[in-house]
Visitor: 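Right, I'll just put the structure down here and ask away after.
Just so you know, ligand 1 is whichever comes first in the structure, and atom 1 is the first atom listed for that ligand. Numbers here simply count residues along the sequence, with the first being 1. Remember, it's a predicted structure, so these values are computed and weren't measured experimentally.
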Amino acid sequence: MSKITISIHGGAGTILKADMTAELEAAYLEGLQLALNVGYAVLEEGGTATNAVKAAVVVLEDNILFNAGRGSVFTKKGVQEMDAAIMRGLDLEAGAVSGIRNIRNPVELAAEVMLNSNHVFLSGKGANDFAIKQGIKLEPDEYFYSQFRYDQWKALRDSDNYSLDHTHHHLEELMKDKKFGTVGAVACDDKGNIAAATSTGGMTNKKYGRIGDSPLIGSGTYANNKTCAISCTGHGEVFIKAVAAYDVSCLMEYKCMSLQEAMDYTVNKKLKSMEGEGGMIGVDAQGNYAMIFNSAGMYRGVRNNEGLNEVAIYG
Ligand code: ASP
C-alpha cells in the first residue's frame, strides 16, 4: 500500500497581504480546506487518484472565489470561457477542453473527453456539443457571474494594459490584480497511481480565443506514474514555452532528480529566467509531494495519511 497524498492549488500571484482582509483570507483557507477534504475522502475510501483530483477541482470550481467554473474571469468580450485538463499517470490517458462556456464543471467535461471520446483535446462549440451529448451539467451565464471578476474586467476592458506582450510593468500590475486564480489538484492513491487536473477561466480581458497552459498536456498539466503528477498556475504563455509540467517529468526521468529537486529547478531556475511568474504542485508515485512558487504567494494545500493537513496562501 502506497502513502496516500493529495495537494491542491487555487492559483499563484496572490493579492498582496496588505490588500487581504481577515475575512477574505479565512474564506479562501476554508475553500481550500474543503476541496482538500473532499479529495482526500476519495483516497481514504480507496478511490483512484483520478477521481480524487476531479472531486477536489469540482469543489474549487464551485467556489466563486477562484478563477475556474463559477467565478471565472471575463474575456475582452465580457463573457466567461473556461479551460480544463485531467491526466492519469497509470496509462497516460488524458482529456482536455478549451474555450468552453456554460459548463458547470469543466474538469468533469475534461474527464469525459478522456474516458468517452476517442480524443484528447476538444475546443469551443464542439466541446460544448460533446458536453450536451454526454449529459454534462450546464448553467446559465448568471451562474458564473461574480461582481469581483466583473469589476476587475471593467477596470481593464477599455485599455490594452492587460496585454501580456506589453511591458513588464503592466504584467506586474496584472499579477497584483490577482488575475491568476486557476485551480488544480494532484494525488497519489493507495495503489501508487497518480493523477493531475487543472481548471481555469484563463486571464482577465483575454481575446482572440487565447488559451493558456492549463489545458495543455505537458505545459500546465501532466501525470506519469514513472515520474510525477503536476498542475501549474501562473503566466500561461511562459509555462507553455517552458513545457513546464513535462519539464519536471523529464528532469526526474532522464536526470534522476527527486520531485522536489526537479520542481525547484523548473520553477526557480527555468521559469524564473524566462520571467515566468507562478508555481506548481506535484506528487510522485511514492506519495511524496511538493508545492513550489516564485510569486508572492500561491493558494495551496496538502493532506496525507501520515497526519499532514495544511492550507496556506503566502510564502
Ligand atoms: N495559467 C493560467 C493561464 O495562463 C492562469 C492562472 O494560472 O491563473 O491561463
Visitor: Which hydrophobic side chains are connected to Met257, either touching it within the sub-4.5 Å cutoff or through other members that do?
Guide: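 Members besides Met257, by chain and number: Leu251, Tyr265.
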
Visitor: Is it the case that ligand 1 has an N or O less than 3.5 angstrom from some N or O of Gly212?
Guide: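 So ligand 1 has no N or O lying under 3.5 Å from an N or O of Gly212.
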
Visitor: Students often mix this up, so state it plainly: with edges at 30° and 60°, are the rings of Tyr150 and Tyr145 parallel, tilted or perpendicular?
Guide: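 Answer is tilted, since the angle falls between 30° and 60°.
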
Visitor: Can you find an N/O atom of Asp213 closer than 3.5 Å to an N/O atom of ligand 1?
Guide: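 So ligand 1 has an N or O lying under 3.5 Å from an N or O of Asp213.
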
Visitor: Are Glu237 and ligand 1 in contact, using a heavy-atom cut-off of under 4.0 Å?
Guide: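 Distance cut 4.0 Å: Glu237 fails for ligand 1.
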
Visitor: Is the shortest distance from a heavy atom of Gly202 to ligand 1 less than 4.0 Å?
Guide: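 Gly202 counts as a contact of ligand 1 under the 4.0 Å cut-off.
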
Visitor: Which of the numbered atoms in ligand 1 are under 4.0 angstrom from any heavy atom belonging to Gly181?
Guide: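 Contacts of ligand 1 toward Gly181, numbered from 1: 8 (O).
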
Visitor: With the threshold set at 4.0 Å, does a side-chain nitrogen-carboxylate oxygen contact exist between Lys125 and Asp129?
Guide: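 Between Asp129 and Lys125 there is a salt bridge, with a charged N closer than 4.0 Å to a carboxylate O.
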
Visitor: Does Glu253 have any salt bridge (charged side-chain N to carboxylate O under 4.0 Å, His left out) partners at least two apart in sequence or in another chain, and if so, which?
Guide: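 Counting only residues at least two positions away or on another chain, Glu253 forms a salt bridge (charged side-chain N to carboxylate O under 4.0 Å, His left out) with Lys226.
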
Visitor: So is Arg210 polar-close to ligand 1, meaning N/O to N/O under 3.5 Å?
Guide: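 Right, the criterion is met.
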
Visitor: Keeping Asp213 on the side-chain end and Glu237 on the backbone end, is there a donor-acceptor pair under 3.5 Å?
Guide: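 Pair absent, no side-chain N/O of Asp213 close to backbone of Glu237.
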
Visitor: Any N or O of Met203 that comes nearer than 3.5 Å to an N or O of ligand 1?
Guide: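 Checking ligand 1 against Met203, no N or O pair falls under 3.5 Å apart.
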
Visitor: Taking the non-hydrogen atoms of Gly234, is any one of them nearer than 4.0 angstrom to ligand 1?
Guide: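 In this structure, Gly234 qualifies as a contact of ligand 1 - some heavy atom is under 4.0 Å.
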
Visitor: With heavy atoms of Thr233 as the reference, note each atom of ligand 1 found under 4.0 Å away.
Guide: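 Once the distances to Thr233 are compared, the set is 6 (C), 7 (O), 8 (O).
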
Visitor: Taking the six-membered ring of Phe74 (Phe, Tyr or Trp), confirm whether the NZ or CZ of Arg149 is under 6.0 Å from its centre and within 45° of its axis.
Guide: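 No, Arg149 and Phe74 do not form such a contact.
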
Visitor: For Ser214, counting its heavy atoms only, list the atoms of ligand 1 lying under 4.0 Å from any of them.
Guide: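 The list of qualifying atoms is 1 (N), 2 (C).
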
Visitor: Run through Val53, Thr48, Ile6 and flag the one making a side chain to side chain contact (heavy atoms under 4.5 Å, CB included) with Leu43.
Guide: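 The side chain to side chain contact (heavy atoms under 4.5 Å, CB included) with Leu43 is passed solely by Ile6 among Val53, Thr48, Ile6.
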
